[in-house]
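The first residue of the sequence shown is numbered 1, and numbering continues consecutively from there. Both counts, for ligands and for their atoms, begin at 1 and track the order of listing.
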Amino acid sequence: KRLDKDFALFLDSHGYDYFIKSYDKTDLNNSPALIICATDDNGLNRQVYDDAKALNIAINVVDTPELCDFIFPAIVDRSPVVIGVSSNGKAPVLARLIRAKIESVLPSGIGELAEKAGQFRQTIKDKLHDINHRRHFWEGVFGRSLQGESVGELADELAKFTHDNPNPVGEVYIVGAGAGDVDLLTFKALRLMQQADVVLYDALVSPEIVDLCRRDSDKIFVGKKRSNHAKSQEEINELLVRYAKAGKRVLRLKGGDPFVFGRGGEEMLACQAAGVPYQVVSGITSALAGASGAGIPLTHRGVATSVRFLTGCYRTGESFDGLTSPYHADETLVFYMGLHALEDLTQNLIKSGLATDTPIAIVANASLPHQQVLTGILSDIVAKQNEAGLPAPAIIIVGKVVGLYRG
Ligand code: SAH
């Protein structure tokens, strides 16, 4: 019986003793702290296990989870940062692959940075009294490091941070979450979602997207489905300003794009009026997601040269009552919030001069797995929709481009 060469070398170089012999219960007499049993004899394994238990010694019988008091997780060691991955004995290869994946995304300097952070913690506490301020500092430093950017000496980072952020004032992010599909989020939206302290989100933002926001952020539903506003716009504006002034980073997460029928403009003005810093981040508006999802180009060479975005429902609650400027045959119209007013909408388009056989499409739940499309012409779409009953939210596309729809 011989030990594996590398293992023997390891033991020798670290000055460990080892004995090559058959198992005997008396081997346990000098009370080892723990036992690893790795024989290929199940009966012997069981016996060692029972002996260990009788003496209250922790044991790991290799590849036999039911005979283990402790496990060896696959480890990523960037001390002082240590990450253990365990599948509880179910799938060790998977645990190893997960570890490799984590290894590959962790920048090499992360352990050193954590070590320095530990030494620097008290200094930061002394200099930055506000807990939110401190968290912003650390999130900036660690966030950049995790993204592979270089981080300077912490004293320099602190000087720069206090210069850039003289007061622990928060900020408002007015962010478009896209039309619904998680994959339509922008990287910027995702980054801000993951650093926000407070999230105010709409009904049109899907739960999968809200789930991607920072886990410990406060998430506030502010509603906004037609005629079901959990909070009024004024209340929302006020909340944004109030949280930001309390030093929070407030994410206003909105369906589609914040500046397209999203009242993001009012929120921006409220921030301006209150002197609160803000950023606006564009999102993929439902007109665009609906058009691409349905395969209806909004402009098309020889068919349409311009697009108008309109609403089927005015601020007063009244339905669309006709175009304010003449319709050109080479133009595409896209209506938001129009489904419930489809009849008024089509009649008033005809009154505005559109031919009764102008093609029209309804795209419901654009970009989502349950997206539906219904096409027709101005004079028959109401009957078709009464039959089909497409649900909200839906956008409505009007014009010759709808003829390009192929289902
Ligand atoms: N800011 C949003 C629009 C908000 S107004 C944006 O840029 O998309 C609400 C209207 O948007 C709904 O009435 C509907 O017309 C449209 N809408 C939002 N999400 C949609 C979706 N996934 N599919 C179709 N229409 C949608």
Nearest neighbour in protein (non-hydrogen) for [atom]:
atom                    : value
atom 24 (C) of ligand 1 : Pro393 O, 3.4 Å
atom 4 (C) of ligand 1  : Phe261 O, 3.2 Å
atom 3 (C) of ligand 1  : Val260 O, 3.6 Å
atom 10 (C) of ligand 1 : Met337 CG, 3.8 Å
atom 14 (C) of ligand 1 : Ala394 O, 3.4 Å
atom 9 (C) of ligand 1  : Leu204 CD1, 3.7 Å

Q.
If I apply the N/O under 3.5 Å rule, does Ser286 come out as touching ligand 1?
A. yes
Q: Run the numbers for me: atoms of ligand 1, each under 4.0 Å from some heavy atom of Asp257, listed by number.
A: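 Reading through ligand 1 atom by atom, the close ones are 1 (N), 6 (C), 7 (O).
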Q: Identify, by atom number and element, the atoms of ligand 1 in contact range of Val363, meaning under 4.0 Å from any of its heavy atoms.
A: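 Once the distances to Val363 are compared, the set is 24 (C).
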**Q.** Option set Leu288, Thr285, Ile395, criterion heavy-atom distance to atom 7 (O) of ligand 1, minimum
**A.**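 The residue whose heavy atom sits nearest atom 7 (O) of ligand 1 is Thr285.
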Q: Report the member of Ala177, Ala179, Gly255 with the shortest heavy-atom distance to atom 22 (N) of ligand 1.
A: Ala179
Do the two ring centres, one from [X] and one from [Y], sit under 6.0 Å apart?
X      : Y      : answer
Phe261 : Phe259 : no
His14  : Phe10  : yes
Phe221 : Tyr201 : yes

Are [X] and [Y] within salt-bridge range, i.e. N to O under 4.0 Å?
X      : Y      : value
Arg78  : Glu103 : yes
Asp50  : Arg46  : yes
Arg263 : Glu267 : no

(Q) Looking only at the side chains, is there a donor atom on one of Asp197 and Tyr243 sitting less than 3.5 Å from an acceptor on the other? (A)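 No, because no side-chain N or O of Asp197 sits under 3.5 Å from a partner of the opposite role on Tyr243.
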Q) Does one side chain, of Tyr173 or Gln195, offer a donor that lies under 3.5 Å from an acceptor on the other? A) yes
Q) Taking heavy atoms and a distance under 4.0 Å, where does Asn365 meet ligand 1: side chain, backbone, both or neither? A)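 For Asn365, the contact with ligand 1 is made by the backbone alone.
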Q. Under 4.0 Å from ligand 1, counting heavy atoms only, is it the side chain of Ala366, its backbone, both or neither?
A.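 Both parts.
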(Q) Could you walk me through whether Asp69 and Lys53 satisfy the salt bridge (Lys or Arg N to Asp or Glu O under 4.0 Å) test, starting with their C-alpha distance in whole Å, then the side-chain angles of each, then the deciding distance to 0.1 Å, before giving a yes or no? (A) CA-CA 10 Å; Asp69 297 323; Lys53 290 288 85 185; 2.8 Å; yes
